[in-house]
Q: 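Here you go, one structure.
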Amino acid sequence: MGRCRLGASARVSSSDSTTVTVPPATVEAMTSPAGGTALDVLSHVFGYDAFRGDQADIVDHVTAGGDAVVLMPTGGGKSLCYQIPALLREGTGVVVSPLIALMHDQVQALKAVGVRADFLNSTQTPDERSRVERAYLSGDLDILYVAPERLNTDSTRSLLARGTIALFAIDEAHCVSQWGHDFRPDYLALSDLAELWPDVPRIALTATATEATHREITQRLSLGSARHFVASFDRPNIQYRIVPKRDPRAQLVEFIRAEGRDAAGEDAAGIVYALSRASVERTAEYLVQRGINALPYHAGLDASVRAEAQSRFLRDDGVVIVATIAFGMGIDKPDVRFVAHIDLPKSVEGYYQETGRAGRDGEPSVAWLAYGLQDVVQQRRMIDDSTADTAHKRQAMHHLDAMLALCETVQCRRVNLLRYFGQESTPCGNCDTCLDPPAVVDGTVAAQKLLSTIVRLDRERHQRFGAGQIIDILRGKETARTRQHGHDTLSTWGIGDDISDQRWRGIVRQLLAQGLLATRGEYGVLGLTETSGEVLRGDRTVQLRDEPERAPRARSARRAAAHELEPAAAELFEKLREWRAATAREQGAPAYIVFSDATLRDIAVARPADTAALGAISGVGDTKLARYGEAVIDVVQSYAALGS
Ligand code: ADP
Ligand code: ZN
């Protein structure tokens, strides 16, 4: 260690056996952990002036020794919630993170701001591991990243027991959810930490926010007495757009050419998600042929090819990765300008997490999805054909239905998304349905027919059914099940035979999306909601998204970078980016570890004359100011000297 500034700074003897090294700014905090200097660490180490949202409360709570469950969207700033308490508390913060491929970058980013961080995982040689272990034992580490499977071994646990643990942070905590899309069996064993180290605070963090996942995290990680921090899941800088699929690859190229640009008008980094490996490869090739700097990424590629693609995405500017969902979790690249899906995601959770990888830096970004009927057919078949048990299949169908509801809503996409996570909001003005409202048709009568069928089944027969059976009743379709239940005697039998099966499904999904219909329990049975009665009584009309046969007109291209820089500032921004690229190359680090785009943009606008002015810019902490201050001022001054 000792490469970074923290390592070379003050040493404070904190107990008879350990020596803790801290930055000058946090000496007081370390000697009196309750001293409330989290803000000092925020500004001196990370270069930010103020905490965002719940960060301050979370940091206080965990620093004081409390357990916490943190639900915050991607880009919300979860990392600081455990990094700052780890710096303020005595000992080493142990961070459990599922992606060993990314630990290196996470550690590098911390070292770049002067924090003594390292990791333990299977990619290291025994020598490297023992170096890290020694650093831990002698109290020379602020933060230690550990893969869950490693943390669960006896040897790692006995190592940890011989040192001082400041806290446990369990990142991507939704991996503990067996119903979720990222389940990792190794996460289940993490509940032991509570018994092994009852006095060490634990903080579990995730960007997946359904109530079910929240409950599972709390139960399975034994966080019963934790405080819960649930942030707003809104990502206002992301523009959500869902378009009907015609020729997805051509549509994608059109989209990237129109909007895959950063604030200076240069090619921007983006991620394109496709469902199959074959589609990933074909799409990447197609993009490359059209002059887009695209690389494929999927689990079938050689590990070295994958690592190279990931590293180019992180390090070079303007790389587009075409990937299966195997790509992206834990990638902290802040300046991803767009996330495009050319196939329908399997769940809203997955979609929200994937799109959330755009715009972590808060700058305008776009989430674009092309979706068609064949997606639905294909995915239903995939679920049907899978070897999963019935309960899992049913769950998968529910997830798919909610995703479809989002695609078909005539209302604000964001309102729909946030409601899925249990949060109410008002139309956002920054999604396709807000910006360019779709054609709608009056579906009140159809909705009444459907809802009254449910009412009759419920009241007259005390029976409940899923969408398939209810649609069969509406269409008067004789099946073994309708005969068995005598459904042909219902007064609504056959009253909807003028509407196709497919269209009825669309109606069901849209009513679900509008909260006029609910699915109950794990069998997916349909039930009424508090507002269904208003429709039945005729007090409320129902608008449905029209599903025309005609090809929809091309949407007017809206630039992602709505507030582009003035020409002069854009030029300086470019110069700063060139300097950043050269610096990052020298260090073998991703460019964003040097400075984020947002920070460079602020510098280009403010044109600081000296290092003091530079230090006041968000994202410039003490270590980076000392390391890069002069060089940045040089770039700004030589630009000014050119007479701009
Ligand atoms: P998450 O892990 O929740 O996705 P990160 O911890 O990666 O989010 O933070 C997202 C971005 O926001 C990072 O670039 C981070 O440095 C920045 N950030 C976090 N907290 C603050 C803050 N209080 N002020 C300014 N920027 C912040
Ligand atoms: Zn909207």
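Heavy-atom basis, side chains included; hydrogens, waters and symmetry copies ignored. When a residue number appears, it is its place in the shown sequence, counting from 1. From a predicted model like this one, the values you see are computed outputs, not experimental measurements. Whatever order the structure lists them in is the order used to number ligands and atoms, beginning at 1.
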Q: Closer than 3.5 angstrom, by distance alone: can the side chain of R357 be matched with the main-chain N or O of V336 as a donor-acceptor pair?
A: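 Pair absent, no side-chain N/O of R357 close to backbone of V336.
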Q: With heavy atoms of L80 as the reference, note each atom of ligand 1 found under 4.0 Å away.
A: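 Checking each atom against L80, I get 19 (C), 20 (N), 21 (C).
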Q: How about atom 22 (C) of ligand 1: does it have a protein heavy atom within less than 4.0 Å?
A: yes
Q: Strictly under 6.0 Å, is that where the ring centroids of F313 and F327 end up?
A: yes
Q: With distance as the sole criterion, is a donor-acceptor pair present between the side chains of N121 and T123 under 3.5 Å?
A: yes
Q: Does NZ or CZ of K333 come closer than 6.0 Å to the centre of the six-membered ring of Y592, within 45° of the ring's axis?
A: no
Q: Charged N to carboxylate O under 4.0 angstrom, D602 versus R607?
A: no
Q: Answer yes when D335 and R601 have at least one side-chain N-carboxylate O distance shorter than 4.0 Å, and no when they do not.
A: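 Answer for the salt bridge query: no.
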Q: Would you check whether F51 has a nitrogen or oxygen atom less than 3.5 angstrom from a nitrogen or oxygen atom of ligand 1?
A: no
Q: With a 4.0 Å cut-off on heavy atoms, is D361 in contact with ligand 1?
A: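 It does not, in that no heavy atom of D361 comes within the 4.0 Å cut-off of ligand 1.
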Q: Starting from atom 8 (O) of ligand 1, find the nearest protein heavy-atom neighbour and note its residue, name and distance.
A: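 Going by distance alone, atom 8 (O) of ligand 1 is nearest to G77 N, 3.2 Å.
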Q: Heavy atoms only, cut-off 4.0 Å: how does M72 contact ligand 1, side chain, backbone, both, or neither?
A: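 No part of M72 is near ligand 1 at this cut-off.
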Q: Quick check: H228 with H214 (ring centres under 6.0 Å apart)?
A: yes
Q: Going by the order shown, which atoms of ligand 1 are within less than 4.0 Å of some heavy atom of T74?
A: 4 (O)
Q: Less than 4.0 angstrom from a charged side-chain N to a carboxylate O is my criterion; do D171 and K78 meet it?
A: no
Q: Counting only heavy atoms, which portion of Y48 has something under 4.0 Å from ligand 1: side chain, backbone, both, or neither?
A: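 Y48 to ligand 1: side-chain contact only, backbone stays beyond 4.0 Å.
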Q: Do E574 and R580 meet the salt-bridge criterion of a basic N to acidic O distance under 4.0 Å?
A: no
Q: Salt bridge check, R227 against D67: does any charged N sit closer than 4.0 Å to a carboxylate O?
A: no
Q: Write out the residue and atom name of the closest protein heavy atom to atom 12 (O) of ligand 1, then the distance separating them to 0.1 Å.
A: R52 NH1, 3.2 Å
Q: Around the Zn ion (ligand 2), what protein N, O or S atoms are found below 2.8 Å?
A: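 Correct list: C412 SG, C428 SG, C431 SG, C434 SG.
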Q: Give the C-alpha distance, both sets of side-chain angles, the deciding distance and a yes or no for side chain to side chain contact (heavy atoms under 4.5 Å, CB included) between V339 and W368.
A: CA-CA 6 Å; V339 170; W368 182 90; over 6 Å; no
Q: Could a heavy atom of S596 be found less than 4.0 Å from some atom of ligand 1?
A: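 S596: no contact with ligand 1 (<4.0 Å).
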Q: Using non-hydrogen atoms of the residue, decide whether A50 is closer than 4.0 angstrom to ligand 1.
A: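 Per 4.0 Å heavy-atom rule, A50 contacts ligand 1.
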Q: Considering heavy atoms of the protein only, find what lies nearest to atom 20 (N) of ligand 1 and give residue, atom and distance to 0.1 Å.
A: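 Of every protein heavy atom, Q55 NE2, 3.0 Å lies nearest to atom 20 (N) of ligand 1.
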Q: For atom 7 (O) of ligand 1, grab the closest protein heavy atom and report residue, atom and distance to one decimal in Å.
A: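 For atom 7 (O) of ligand 1, the nearest protein heavy atom is R360 NH2, 3.6 Å.
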Q: Examine the proximity of ligand 1 to A207 and report which part, side chain or backbone, both or neither, has a heavy atom under 4.0 Å away.
A: neither
Q: Using non-hydrogen atoms of the residue, decide whether P73 is closer than 4.0 angstrom to ligand 1.
A: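 A heavy atom of P73 does come that close to ligand 1.
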Q: Would you call R337 and D361 a salt bridge, taking side-chain N to carboxylate O under 4.0 Å as the test?
A: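 Looking at R337 and D361, the cut-off is met.
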Q: Could you pull out the closest heavy-atom pair between L369 and L344, with the gap in Å?
A: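 Smallest heavy-atom distance, with atoms named: CD1-CA, 4.3 Å.
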Q: Let me confirm one number: the CZ-CG distance from F168 to L193, rounded to the nearest 0.5 Å.
A: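 F168 atom CZ to L193 atom CG measures 5.0 Å (nearest 0.5 Å).
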Q: Nearest heavy atom to atom 6 (O) of ligand 1 wins, so pick from A598, G75, G359, S79.
A: S79
